[in-house]
2 protein chains.
Amino acid sequence: MGFAETFKALGDPVRREILLLLRRGQLSAGEIGSHFDMTGATISYHLSILKKADLVFETREKNYIYYGLNTSVVEEVMLWLSQLKGE
Amino acid sequence: MGFAETFKALGDPVRREILLLLRRGQLSAGEIGSHFDMTGATISYHLSILKKADLVFETREKNYIYYGLNTSVVEEVMLWLSQLKGE
DNA sequence: ACGGTATTTAGAAAAATATCTAAATACTTG
DNA sequence: CAAGTATTTAGATATTTTTCTAAATACCGT
């Protein structure tokens with residue numbers, strides 16, 4: 001919701017890696033998990049945090065849940081950061 | 001040094017507030033601390049994390065240590081984020 | 001409805017983080 | 001050099017976060 005959650009979500013390297021994976025398009029939870037040496041449960045936990053932070057959205061299809069990047073929130077973070085540099 | 005530390009540093013609300021305080025110019029550790037309901041030791045801890053993340057620099061003068069914003073690292077974070085959106 | 005696959009939830013353990021108090025360091029000035 | 005102020009470091013504690021295993025839920029195809 002707020003910046004607090006979004007910045008916190010971006011603070012974890014696994015979650016940033018997940019976001020990078022999603023640049024090319026949506027991936028299922030399983031496909032995301034296959035890129036990491038962690039259990040599906042852990043990936044699910046990270047996805048839930050990214051979702052709470054509104055950095056990703058999910059769409060359900062057949063037996064899968066696909067995750068995609070929410071770039072508008074990325075914009076908002078950049079906007080917050082931009083107030084730190086020059087006026 | 002790397003993004004890991006920088007993003008982690010940005011993940012804490014107290015540290016983000018400190019960065020906002022520094023927009024207008026350098027402040028001593030004590031001046032920064034006076035804006036928060038925390039001990040100086042805790043503020044010092046947060047400043048050390050911001051320093052490790054290269055988000056702030058310090059300059060010593062007389063009896064004080066002044067902290068200032070390092071905007072170039074803010075730029076780098078924005079650059080990292082920009083790869084998530086578009087192209 | 002059943003069996004199988006995908007994903008999440010619950011609960012617990014381990015690791016990291018934020019905070020405090022008290023002590024140490026650093027610097028300034030008389 | 002001693003006293004005073006500013007800041008950091010050390011050590012302890014409480015909280016939060018990350019991760020796992022095991023169980024639960026959800027959805028598909030036969």
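None of the values given here were measured: they were computed from a predicted structure. To find a chain, count down the sequence lines: A is the first, B the second, and so on, and within it residues start at 1.
In this structure, B:Y67 reaches the sugar-phosphate backbone alone: every heavy-atom distance under 4.0 Å involves primed, P, OP1 or OP2 atoms, never a base. Among the atoms of the strands shown, only primed sugar atoms or phosphate atoms (P, OP1, OP2) are found under 4.0 Å from some heavy atom of B:S28. B:K51 comes within 4.0 angstrom of nothing in the nucleic acid, heavy atoms only.
Every residue meeting the side-chain contact (heavy atoms from CB on, under 4.5 Å) condition with A:L19, not counting sequence neighbours, appears here in chain and number order: A:L10, A:L50, A:L55, A:V56, A:L69, B:L84. When the side chain to side chain donor-acceptor pair (under 3.5 Å) test is applied to B:T39, the partners found at least two apart in sequence or on another chain are B:T42.
Follow the hydrophobic side-chain contacts under 4.5 Å out from A:L22 and you reach B:W80 in the same cluster.
Between B:I18 atom CD1 and C:dA18 atom P the separation is 11 Å, expressed in whole Å.
Looking at A:V73, A:N70, A:V74 one by one, the single match for side-chain contact (heavy atoms from CB on, under 4.5 Å) with B:K85 turns out to be A:V74.
Heavy atoms only, all atoms of each residue included: A:A29 and A:I43 are closest at O-CG2, 4.3 Å.
Within a 6.0 Å sphere centred on OH of B:Y66, heavy atoms belonging to other residues, nucleotides or ligands number more than 12.
Atom CG of A:L79 sits about 8.0 Å away from atom CD of A:E76, to the nearest 0.5 Å. Distance check, rounded to the nearest 0.5 Å: OH of A:Y67 to CG of A:L47 gives 5.0 Å.
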For this session: May I have the step-by-step check of side-chain contact (heavy atoms from CB on, under 4.5 Å) for B:L20 and B:E17, ending in yes or no?
Result: CA-CA 5 Å; B:L20 288 175; B:E17 190 63 33; 4.2 Å; yes

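Residue pairs that meet the ring pair (Phe, Tyr, Trp, His ring centres under 6.0 Å) test with at least one member in residues 30-62 of chain B, sequence neighbours left out, do not exist here.
Heavy-atom distances under 4.0 Å link DNA chain D to B:A29, B:G30, B:G40, B:A41, B:S44 of residues 29-46 of chain B, given in residue order. Near DNA chain D, meaning a heavy atom under 4.0 Å away, the residues from residues 58-65 of chain B are B:N63, B:Y64, B:I65.
Boundaries of the chain A contact region on DNA chain D are D:dT17 to D:dC28, first to last in 5' to 3' order (nucleotide atom under 4.0 Å from a heavy atom).
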